[in-house]
Protein chains: 2
Amino acid sequence: MNLRPVPRSSVSDHVFGQLRDAIVSGTYAPGDPLPSERELGAVLTVNRHAVREALRRLQQLGLVRVSQGGATRVLDWRVHAGLDLAMSLTQVDEVLPIDTLVRDVLEMRACIGTDAARLCALRADPATRAAVTGAVTGYVGAAPDLDRMDQANIALWRQIVQGSGNTAYLLAFNSLVGGALAVGRVPPQRRTAELLDTAGHRRLAALIADGDGDGAAGQAHTLLTAPVTAATERTRT
Amino acid sequence: MNLRPVPRSSVSDHVFGQLRDAIVSGTYAPGDPLPSERELGAVLTVNRHAVREALRRLQQLGLVRVSQGGATRVLDWRVHAGLDLAMSLTQVDEVLPIDTLVRDVLEMRACIGTDAARLCALRADPATRAAVTGAVTGYVGAAPDLDRMDQANIALWRQIVQGSGNTAYLLAFNSLVGGALAVGRVPPQRRTAELLDTAGHRRLAALIADGDGDGAAGQAHTLLTAPVTAATERTRT
DNA sequence: TCAGACAGACTGGTCCAACCAGTTGACGGG
DNA sequence: CCCGTCAACTGGTTGGACCAGTCTGTCTGA
């Protein structure tokens, strides 16, 4: 087995995690006031500063609204939280089934990836086109090691998204990669079909190199939609 | 003129903003160590705790990596930052021209919105379909007040994205709405063309109500692509 | 000469204690 | 009944102290 670095979590990390899960899972409803910082510190046997640091992170995620003098209140994450929250949503199976979340992320990746491939074919400079072709070569060369292919696949799509010249796509891609897609929640055999279509990826690189926007979009759609339908099937069971 | 609530910013907000801008604008290159917390506190004449809270938020955004014992190092935001960063990118015109960012956001909104409309037509329950129709009615009724139309337009698309049943789309939508699109960076006259197509929006609602996924996608694409091409023109000038 | 152990000077992590600055709500006078 | 006042909250900020890792230069032994 391959060893991974030990995840060392600080006190404020624990506080953050607990509060985040409590909020997303609905333990605290939107509009509800959170216990005061001093009270949270007392209950969790933690210093107030640790609580404050955790609250800052929750605020940054869009989960709470803090106001001096008044209580810190819970926001409706369906309204105020950004895509980065997806990176943290791995523990709340009751509220949001993990299979559904995976399907959603794949669906979004397909949507973004298709348009990014189109734009990459239209807007990318020669160096980037070459980089895409190179990334595909690296990807194909990684076969049949699924883990390495996975890694190379992400690198490939990062190139494409970068080549699209759309910063919003790039940031969203980061959110998705850092999110449920990459947490290892999806067992290897589930991605086999997607990852093994090396011919399809080669074709995609060629279309991008040729500057054929519509062709690249179509090919990307084909490549990215297959796993979505598979995931959709999975949610029904 | 319409009055707006006074934005009151805390000390740690200022620290956060300064560091964020310094990082995104490249003052600190990826891999560079940030000054120590004590040093930052001394330079900014601020307590160390305030610095720490700001650093937590930067960490949450994916802009820095902090490690006990070692220095806090700057990450490459093009690799590690999520879409939420777009909500903060309004001041770094040199690195990322604001017109380009607006175009990117509109492009992404068009991409997501098109697929969300398709899924909404396919998957939404009757209540949600009715809500979409109602939102369009409210939107049309808001004419010709551009500000109210803007608000109603956002509410309408929120309904559609919600109806798509895709949580990733919903969170991304929040990021985009909270981001450059809503900061008032785009003068009213620039959105006129998009906002005034009431007939097109009515048609979209009808297609969604009928469950015509492809039709809804096409109509949504028409509605959302127009502002993108306009914004693209703008970036050339 | 050089590899490796070691010590000290950093780094961030946590805690305590105090005070400032807003908000809230109950209480009492008009 | 209304409205101002004030006390008891809330979060905001500061200072200082100490723990716990990391890094680096130095010094020792081979």
Side-chain angles (χ1 to χ4, degrees), chain A residues 3-20 22-23 27-75 80, chain B residues 3-20 22-23 27-75 80:
Chain A
L3 303 171
R4 285 175 304 172
V6 176
R8 72 200 74 192
S9 53
S10 64
V11 172
S12 77
D13 284 339
H14 276 116
V15 177
F16 169 74
Q18 287 191 48
L19 289 176
R20 180 201 59 204
I23 291 173
T27 305
Y28 294 110
D32 281 359
L34 235 46
S36 75
E37 297 176 350
R38 292 170 176 85
E39 192 175 344
L40 282 172
V43 171
L44 302 171
T45 59
V46 148
N47 189 272
R48 191 176 154 213
H49 289 297
V51 175
R52 283 180 62 80
E53 289 178 11
L55 288 176
R56 287 298 184 196
R57 295 175 61 183
L58 294 173
Q59 180 189 24
Q60 190 60 41
L61 266 183
L63 294 183
V64 301
R65 190 195 63 219
V66 315
S67 53
Q68 184 177 356
T72 297
R73 288 185 180 278
V74 175
L75 293 174
H80 293 92
Chain B
L3 302 172
R4 284 176 302 172
V6 176
R8 73 201 72 193
S9 53
S10 65
V11 173
S12 76
D13 283 340
H14 277 115
V15 177
F16 169 73
Q18 287 192 48
L19 289 177
R20 180 201 58 204
I23 292 173
T27 305
Y28 295 110
D32 281 359
L34 235 47
S36 75
E37 297 176 349
R38 292 170 175 85
E39 192 174 342
L40 282 172
V43 171
L44 302 170
T45 60
V46 148
N47 190 273
R48 190 176 154 216
H49 291 298
V51 174
R52 283 180 62 81
E53 289 179 11
L55 288 176
R56 287 299 185 195
R57 295 175 60 182
L58 293 174
Q59 180 188 23
Q60 189 61 41
L61 265 183
L63 294 183
V64 301
R65 188 195 64 217
V66 316
S67 53
Q68 185 177 357
T72 296
R73 290 185 179 278
V74 176
L75 293 174
H80 293 92

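Just so you know, these numbers come straight off a predicted model, no measurement behind them. Each chain gets a letter, A, B and so on, in the order its sequence line appears, and its residues count up from 1.
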With heavy atoms under 4.0 Å as the rule, sort B:Arg8 into base, sugar-phosphate or nothing.
sugar-phosphate
CG of B:Leu34 versus C1' of C:dG12: gap in Å, rounded?
13 Å
For DNA chain C, whose closest nucleotide is more 5', that of A:Gly69 or that of B:Gly70?
B:Gly70
Quick one: is B:Ser36 getting a side-chain N or O under 4.0 Å of the C:dT11 phosphate, OP1 or OP2?
yes
Counting neighbours of CZ on A:Arg65 that are heavy atoms of other residues, nucleotides or ligands and sit closer than 6.0 Å, is the number greater than 12?
no
Do any of residues 56-66 of chain B sit with a heavy atom less than 4.0 Å from DNA chain C, and if so which?
B:Val66
note: B:Phe16, atom CZ; D:dG12, atom C1'; distance rounded to Å ~ 18 Å
Examine the side chains of A:Arg57 and A:Gln60 and answer whether a donor and an acceptor come within less than 3.5 Å of each other.
no
Atom pair distance, as rounded to whole Å: CD in B:Gln68 and C1' in D:dC23:
14 Å
B:Arg48 atom CZ, neighbour heavy-atom count above 12 within 6.0 Å:
yes
Would one find a side-chain N or O of A:Asn47 under 4.0 angstrom from OP1 or OP2 of C:dT14?
no
N/O (side chain, B:Arg52) to phosphate O (OP1/OP2, C:dG12) under 4.0 Å:
no
If you assign B:Arg38 and B:His49 each to the DNA chain D nucleotide with the nearest heavy atom, which residue ends up on the more 5' nucleotide?
B:His49
Taking the side chain as every heavy atom from C-beta outward, state whether A:Leu63 and A:Arg20 have any atom pair closer than 4.5 Å.
yes
For D:dG11 and A:Thr72 - does any side-chain N or O of the residue sit under 4.0 Å from the phosphate oxygens OP1/OP2?
yes
In whole angstrom, what separates B:Glu37's CD from D:dT22's C1'?
14 Å
Would you mind reading off the distance between B:His14 atom NE2 and D:dG12 atom C1', rounded to a whole angstrom?
14 Å
Measure across B:Arg56 and A:Ser10 and return the closest heavy-atom pair with its distance rounded to 0.1 Å.
NH2-OG, 4.0 Å
Provide, to the nearest angstrom, the distance between the CG atom belonging to A:Leu55 and the C1' atom belonging to D:dT10.
12 Å
Any idea which of C:dT14, D:dA20, C:dA18 is nearest the A:Arg48 side chain?
C:dA18
Please test A:Val64 against A:Val66 for side chain to side chain contact (heavy atoms under 4.5 Å, CB included), starting from the C-alpha separation and ending with a verdict.
CA-CA 6 Å; A:Val64 301; A:Val66 315; 4.1 Å; yes
Going through the distances and angles, do A:Leu55 and A:Leu19 end up as a side chain to side chain contact (heavy atoms under 4.5 Å, CB included)?
CA-CA 8 Å; A:Leu55 288 176; A:Leu19 289 176; 4.1 Å; yes
